[in-house]
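None of these values were measured; they are calculated from a predicted model.
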Amino acid sequence: HSTGRLILIIAALAVGLVLFAALNVLTDRGEYRLPLVRLLIDNRYASRSYLPIKLTPAGGMPVMFAMAIVTLPTYFCMFFLTFFPQNQWLMWGATSLSLTKLPGIVLYISMLFLLSIAFALVNVNAEQQAKAFQRAGDYLLGVRPGKATERRINQLALIFGFVGGLYNGIFAGLPMLMIVSHPHQLGVYMLPGYVLMIVGFSMGMIDQINILSIRKRYRPLFDHAKEA
């Protein structure tokens with residue numbers, strides 16, 4: 001009976017992780033499209049011009065950085081305990097800020113949320129986008145070029161950064177609360193976070209491979225233009 005139960009648990013866990021990975025792929029590929037007016041493009045393709053903003057712009061990066069940030073205070077306290085072994089604050093930090101204690105888990109979830117917003121703003125990079133549009137003479141439909149465009153893009157980056165923060169906090173953060181009562185199963189409850197990271201990095205690699213393949217596909221055209 002115990003062997004059969006173990007097999008069922010492993011099978012259910014594997015199916016759950018596969019479904020969760022599929023959900024992450026969908027959210028990674030999901031995007032909000034801002035209509036973009038390009039002056040130097042044929043009118044037939046004008047309706048296809050847009051600025052895409054991902055539903056979760058930060059991807060899986062907040063998980064990795066949140067883990068690193070949460071572990072730093074623990075090692076910091078442990079290091080200074082060698083010089084001040086009787087300090088109560090350092091003792092509390094060394095024991096309570098780990099990922100197996102409630103204060104450390106709360107810090108981890110908070111970092112997930114904040115880093116999701118921060119990375120969303122960095123990845124979208126509204127200032128650079130607005131300047132690039134101005135140089136090319138392009139603009140967002142119904143939005144004035146320049147600072148107004150930058151504010152609009154930043155506003156959407158904040159909104160979807162907030163959405164990504166909630167997503168990461170719910171799926172990668174909340175399962176960690178179970179560690180308080182099951183501290184020996186840390187690896188199991190961190191699996192959703194690992195899936196988020198792996199899917200995020202995998203999608204990024206696929207995008208880069210696609211970009212390289214597109215360049216190779218059009219290279220003969222550019223070579224012919226140089227010869228002409």
Straight-line distance of Leu140 CG to Thr149 OG1, nearest 0.5 Å:
5.0 Å
Is the count of non-hydrogen atoms from other residues, nucleotides or ligands lying under 6.0 Å from Gln128 atom CD greater than 12?
no
In short, Val70 meets Gly104 closest at the heavy-atom pair CG1-O, 3.9 Å
Give the C-alpha distance, both sets of side-chain angles, the deciding distance and a yes or no for side chain to side chain contact (heavy atoms under 4.5 Å, CB included) between Asn24 and Phe20.
CA-CA 6 Å; Asn24 286 329; Phe20 182 55; 3.4 Å; yes
Which pairs would a plain distance check flag for residues 187-206, meaning a side-chain donor or acceptor within less than 3.5 Å of a matching protein atom at least two apart in sequence or in another chain?
unit_1 : atom_1 : unit_2 : atom_2 : d
Tyr189 : OH     : Gln185 : OE1    : 3.3
Ser202 : OG     : Ile198 : O      : 2.6

Supply the atom-to-atom distance Leu97 CG to Thr71 OG1, rounded to the nearest 0.5 angstrom.
11.0 Å
Separation of Ser116 OG from Tyr167 OH (nearest 0.5 Å)
11.5 Å
Does one hydrophobic cluster hold both Leu158 and Phe160, with members joined at side-chain heavy-atom distances below 4.5 Å?
no
Is any side-chain heavy atom of Leu102 closer than 4.5 Å to one of Leu177?
yes
For Tyr75 together with Phe79, are the ring centres under 6.0 Å from each other?
no
Would you say Leu36 and Leu141 make side-chain contact, with heavy atoms under 4.5 Å?
no
Phe133-Tyr32 co-clustered via ILVMFWY side chain contacts under 4.5 Å:
yes
Is there a side-chain contact between Leu81 and Phe76 in this structure, where contact means two heavy atoms from C-beta onward sitting under 4.5 Å apart?
no
From OG (Ser49) to CZ (Arg33), nearest 0.5 Å:
11.5 Å
Only residue of Tyr108, Phe119, Phe162 satisfying ring pair (Phe, Tyr, Trp, His ring centres under 6.0 Å) with Phe113 is Phe162
Please tell me whether Val106 and Ile109 are part of a single hydrophobic cluster in this structure, the criterion being side-chain heavy atoms less than 4.5 Å apart.
yes
For residues 54-63, tabulate all N or O donor-acceptor pairs below 3.5 Å that involve a side-chain atom, not counting sequence neighbours.
none

Below 4.5 Å, heavy atoms only, C-beta onward: do Tyr139 and Pro145 meet side chain to side chain?
yes
Validation row: Pro103, Trp92 side chains within 4.5 angstrom (heavy atoms)
yes
Flag side-chain contact, heavy atom, 4.5 Å: Met176 against Leu99
yes
In Å and rounded to the nearest 0.5 Å, what is the CG to CZ distance from Leu34 to Arg152?
6.0 Å
Checking side chain to side chain contact (heavy atoms under 4.5 Å, CB included) for the pair Met78/Thr74: CA distance, chi angles, key distance, verdict?
CA-CA 6 Å; Met78 291 174 64; Thr74 302; 3.9 Å; yes
Heavy atoms from other residues, nucleotides or ligands near CE of Met64 exceed 12 (cutoff 6.0 Å):
yes
Do Val143 and Ile153 come within less than 4.5 Å of each other through their side chains, counting heavy atoms only?
no
Please name all residues satisfying ring-ring contact (aromatic ring centres under 6.0 Å, His included) with Phe84, sequence neighbours left out, ordered by chain then number.
none
Identify whether Met111 and Val122 are in the same connected component of the hydrophobic contact network (ILVMFWY, side-chain heavy atoms under 4.5 Å).
no
Minimal heavy-atom distance between Ala126 and Glu150, with the atoms involved, is CB-O, 3.5 Å
With clusters defined by side-chain heavy atoms of hydrophobic residues (ILVMFWY) lying less than 4.5 Å apart, directly or transitively, does Leu174 cluster with Phe171?
yes
Could you walk me through whether Glu127 and Asn154 pass the side chain to side chain contact (heavy atoms under 4.5 Å, CB included) check?
CA-CA 8 Å; Glu127 183 180 2; Asn154 263 330; over 6 Å; no
From Ile159 CD1 over to Ile53 CD1, what is the distance, rounded to the nearest 0.5 angstrom?
9.0 Å
Looking only at heavy atoms, which two atoms of Ala66 and Leu115 are closest? And how far apart?
N-CD1, 3.6 Å
Can Glu31 and Arg29 be counted as an ion pair, charged N to O under 4.0 angstrom?
no
